[in-house]
Each structure stands twice: as structure tokens, then as C-alpha cells.
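First the structure, in the form of C-alpha cells, and then the observations on it.
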Amino acid sequence: MAVPERTAARCQRCGVVLYQNRPASLVRVTAFSLTALVLMGIVNTFPFLTMESNGIRTELSLVRAARELIREGSPVIGWGVALFTIIAPLAMAGGMLYVCGPLLVGRAAPGARHVARWLGRTEPWNMIEVFLLGVLVSLMKLGKMADLYFGVGFWAFAALMLCMAAAVAGIDRNELWDRLEVAEE
Amino acid sequence: MTPHLPRAIDQGLANCHVCGKVSPVVLRHCPRCGSALHLRKPASMQRTVALLIAAGALYLPANLLPVMTLSELGDVMASTILQGMAEFWRRQAYPIAIVIFVASIMIPLIKIVALVWLCAAASGKVHSSPRILGRIYGFTELLGRWSMVDIFVVSILVALCQFGAYMTVTPGPGALAFAGVVVLTMFAAMSFDPRLLWDRLESLKAPDPTPPPPDRE
Ligand SMILES: [Zn+2]
């Protein structure tokens, strides 16, 4: 049975939502994941946070946060930070765009099933919102020690967090797989 | 009491872990996404318990060893997670101190205790309502990642505080142990299958339990 747009099928006994057809889900996911990719480019080009102390300037970026840990003798945590803040978000946004973009015109991209399988596995490891909380805690910690300036990268990062959340919330797992199944036939 | 509802496991139907499609388990692979089909997550309890033991073993070093070292004009000061929180409290930054306390100390501990309790309930050692236990499981899966905030704070401070002899921050051994606790408890929550709680309830209700069909693979 087809579920019309903006409605949901609920369990007859307990009323829990079983499937739902969110409005314009594919357009939303495609648009938000494309925007997220553009924002990632900005986040990784412009400085995030600049700190000045005794005439010396240091800059924070996602790449630097991971690289300095590796350089300071903690390669495992350094690569973990890179995975949670750069690699997983990039894989999620790229994967969603790759799967949902072609579905907009009713086609399944080659290998879309494999990509969609990996999307679910990547999701818990995308921790950009947790990193943003980490930035806030660090600011409180450094507050009195030095002068801190926000860069374009910081605002792009905040926007990236919202875009990723909107893209993930745009479609549910069952709907994505249903559409993929229909497109592949 | 809820009426007796038929269960998919009794009819040999498996819910795909990846895409959610329900298919006969005899197919072995999901017709929609190609993943291996299981009636329940394979070796769910053994995996969860093993990951929990590892996380529990790392919990003490994670909290006792310094997560970072601050050297300021020759003064070297190592700080643990707890000391970092106490420092915020002393400076009267109460909201941040509470956020750190909840994310770094309470959530990992609650997760480990809750998952141990869930495993005990699923194996019949304690009797609690599966409805409440199911909510606890959802909570552990949802909040676990926020514990990583302290690791990110270390990475941000290490990247920013590079002023040579004047001030430098280096990561400490506690950070690796702490990250280990967070990652291991996340894997433990993922490998636990909450349906085992309901299976346990089902087997208590039925006086003559019929063994479930063997899980292929
Ligand atoms: Zn499947």
C-alpha cells in the first residue's frame, strides 16, 4: 500500500510510526548534502579560530586538530579525531548525494546499494556536533590566557552541523531503501 | 497484559540489520540490500560482554591518568578529566563543569552499568520490565558519542597552544584510555540486540518453550 506524501503508516496496536513519506525527501537530502560538501570545503580552507598570545599567532582547523595530535605522539587519537570530524562527515554527505541525487530522476547510481549500506554504518561516527561543543569548552578554558578570534571557518562549521543534521533527518532508512529498490527494477 | 502477538522469529522471518526489510531467513541474504540475514544479531551477548569488560578495564586509567599536560614557562602541570572539571568549578563556570561531569564521567559509567544490567536481564539473571530496559538501551545508544567531547578539547588545546617555551599543551596517556572507553561502549551498545529482552519474556510466559529455528550463518 502506498503512503501519500506528508503522511505516515502507524502500527494499528500501539500507534508507533512504521513508515513515513516525508515531504520532498529526496530533494531535501540532495540539497542539504550538496550544501554540506560546499561548507566542508570552506571549513577546511579558512581558519576556524585564531589565538594570539605574546605576539605569536596559532590557528585552529580540523586538519590541524588531528595532525598536531599525531605529531605530538598520539597517532591513534589523532586519526580518531580525523575520522570523527573529517572523514565520516565527508563520507556521509558524499554518500547521501551519490545515492539520492540520481534517485531524483528515478535512477540508481552504480553501486548505490553498497554506498547505502555503508551510510548506516558511518552515521554514529560523524561527531561534528560534539566537536563544536569541544570548541565551546576549549574557549572557556582558554578565555583568560589569550586573545581568540573566530574565523569564517567557525561559522561555516556551525552551518555544516545544521546541514548534516537536516540531511540525515530528511529521509528514513526504509524510505531510502524502498526508493532504491523501485529504481533498480 | 498485551494479547499474544505472533513473532517473526517463530515464522523464520528476519529483519535485515542494514535496510530493515523483513524476509525469510532461509534466503540467507537480504533480497533488497544483499546483507547477511540473521534472526537476531549473531553472538550479541558474547560480543557485548567482551566489549564491556574491555571498557571497564580502561575506565580507571581513563580517569586516573592525565589526559593532557600543560607546560607554561617551565612549569609542567598534568591534568586528568576530573581535575579539568574541578578547575571549571573553582572558576565558577558551573554550566561547563556540569556538562563535562555529565558527558565525561556520568555517561560512560551509566552506559557500562546499563549494558551490564541489560545483558543480565536478557540472560534471565534479573527480572525487569523490557519496556523500561528498552528505553535505557535507546538512551545509551543516543548519548554515548557526547562523551568524546573531552578528547576533542584535548585535540583543540594541543593544536592551539603551541607557543614554544612560553606555553605548550601535549596529549597524555589518559586520553587514549578515555577514547578507548567511549569507542568500546559505542560498539557494545551497537552489538546488543534489544529483542533478546523480549525473547526472555516470551520464554517465561510459554510453559513449553519451542526452540527457535537455528540461525543460519
Ligand atoms: Zn537488507
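Lettering follows sequence order; numbering is per chain, from 1.
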Tightest non-hydrogen contact, residues A:Ile77 and B:Ala175, listed as CD1-CB, 3.5 Å
What part of A:Arg71 gets closer than 4.5 Å to chain B, counting heavy atoms only: side chain, backbone, both or neither? neither
Going by heavy atoms in the side chains, are A:Asp178 and B:Arg32 under 4.5 Å from each other? yes
Check: B:Phe88 and A:Val137 side chains under 4.5 Å, non-hydrogen atoms: yes
Once rounded to the nearest 0.5 Å, what's the spacing between atom CE of A:Met51 and atom CG of B:Leu160? 6.0 Å
One option among B:Ala179, B:Gly84, B:Cys33 has the most heavy-atom pairs under 4.5 Å with chain A, and it is B:Cys33
Output the distance between atom CD (B:Glu87) and atom CE (A:Met140), rounded to the nearest 0.5 Å. 11.5 Å
Interatomic distance, A:Glu129 atom CD to B:Met148 atom CE [nearest 0.5 angstrom]: 12.0 Å
For A:Thr85, is it the side chain, the backbone, both, or neither that has a heavy atom closer than 4.5 Å to a heavy atom of chain B? side chain
Roughly how far, to the nearest 0.5 Å, is CE of B:Met68 from CG of A:Leu69? 11.0 Å
Within a 6.0 Å radius of atom CZ on B:Arg135, are there more than 12 heavy atoms belonging to other residues, nucleotides or ligands? no
Using the side-chain contact (heavy atoms from CB on, under 4.5 Å) rule, take A:Trp177 and B:Val18 through it: C-alpha gap first, then chi angles, then the decisive distance, then the call. CA-CA 10 Å; A:Trp177 280 102; B:Val18 176; 4.3 Å; yes
Side chains of A:Phe131 and B:Ile156, heavy atoms from C-beta outward: is any pair under 4.5 Å? yes
Taking side chain as everything from C-beta outward and backbone as N, CA, C, O, which of these in A:Glu59 sits under 4.5 Å from a heavy atom of chain B? Side chain, backbone, both or neither. backbone
Winner by heavy-atom pair count (cut-off under 4.5 Å) against chain A, out of B:Ile151, B:Thr170, B:Asp150, B:Leu157: B:Leu157
In residues 188-195 of chain B, what donor-acceptor pairs under 3.5 Å come from side-chain atoms, sequence neighbours left out?
residue: B:Ser191; atom: OG; partner: B:Thr48; partner atom: OG1; Å: 3.2
residue: B:Ser191; atom: OG; partner: B:Phe187; partner atom: O; Å: 3.2
residue: B:Ser191; atom: OG; partner: B:Ala188; partner atom: O; Å: 3.1
residue: B:Asp193; atom: OD1; partner: B:Arg195; partner atom: N; Å: 3.2
residue: B:Asp193; atom: OD1; partner: B:Arg195; partner atom: NE; Å: 3.0
residue: B:Asp193; atom: OD2; partner: B:Lys41; partner atom: N; Å: 2.7
residue: B:Asp193; atom: OD2; partner: B:Arg195; partner atom: NH2; Å: 3.0

Against chain A, label B:Pro31 side chain, backbone, both or neither, depending on which of its atoms sit under 4.5 Å from a heavy atom there. backbone
Could you state the interatomic distance from CG (A:Leu60) to OG (B:Ser155), rounded to the nearest 0.5 Å? 7.5 Å
Does any non-hydrogen side-chain atom of B:Pro171 lie less than 4.5 Å from one of A:Glu68? no
At a heavy-atom distance under 4.5 Å, which candidate from A:His114, A:Arg173, A:Glu72 has the highest pair count against chain B? A:Arg173
A:Arg107, CZ: over 12 other non-hydrogen atoms inside 6.0 angstrom: no
I need the minimum non-hydrogen distance between A:Gly134 and B:Val153, along with the two atoms involved. O-CG2, 3.6 Å
Contact origin within A:Leu142 toward chain B - heavy atom pairs under 4.5 Å: side chain
Any non-hydrogen side-chain atom of A:Phe84 less than 4.5 Å from a side-chain atom of B:Arg145? no
Please look at A:Arg113 and chain B and tell me whether the side chain, the backbone, both or neither of the residue comes under 4.5 angstrom of a heavy atom of that chain. side chain
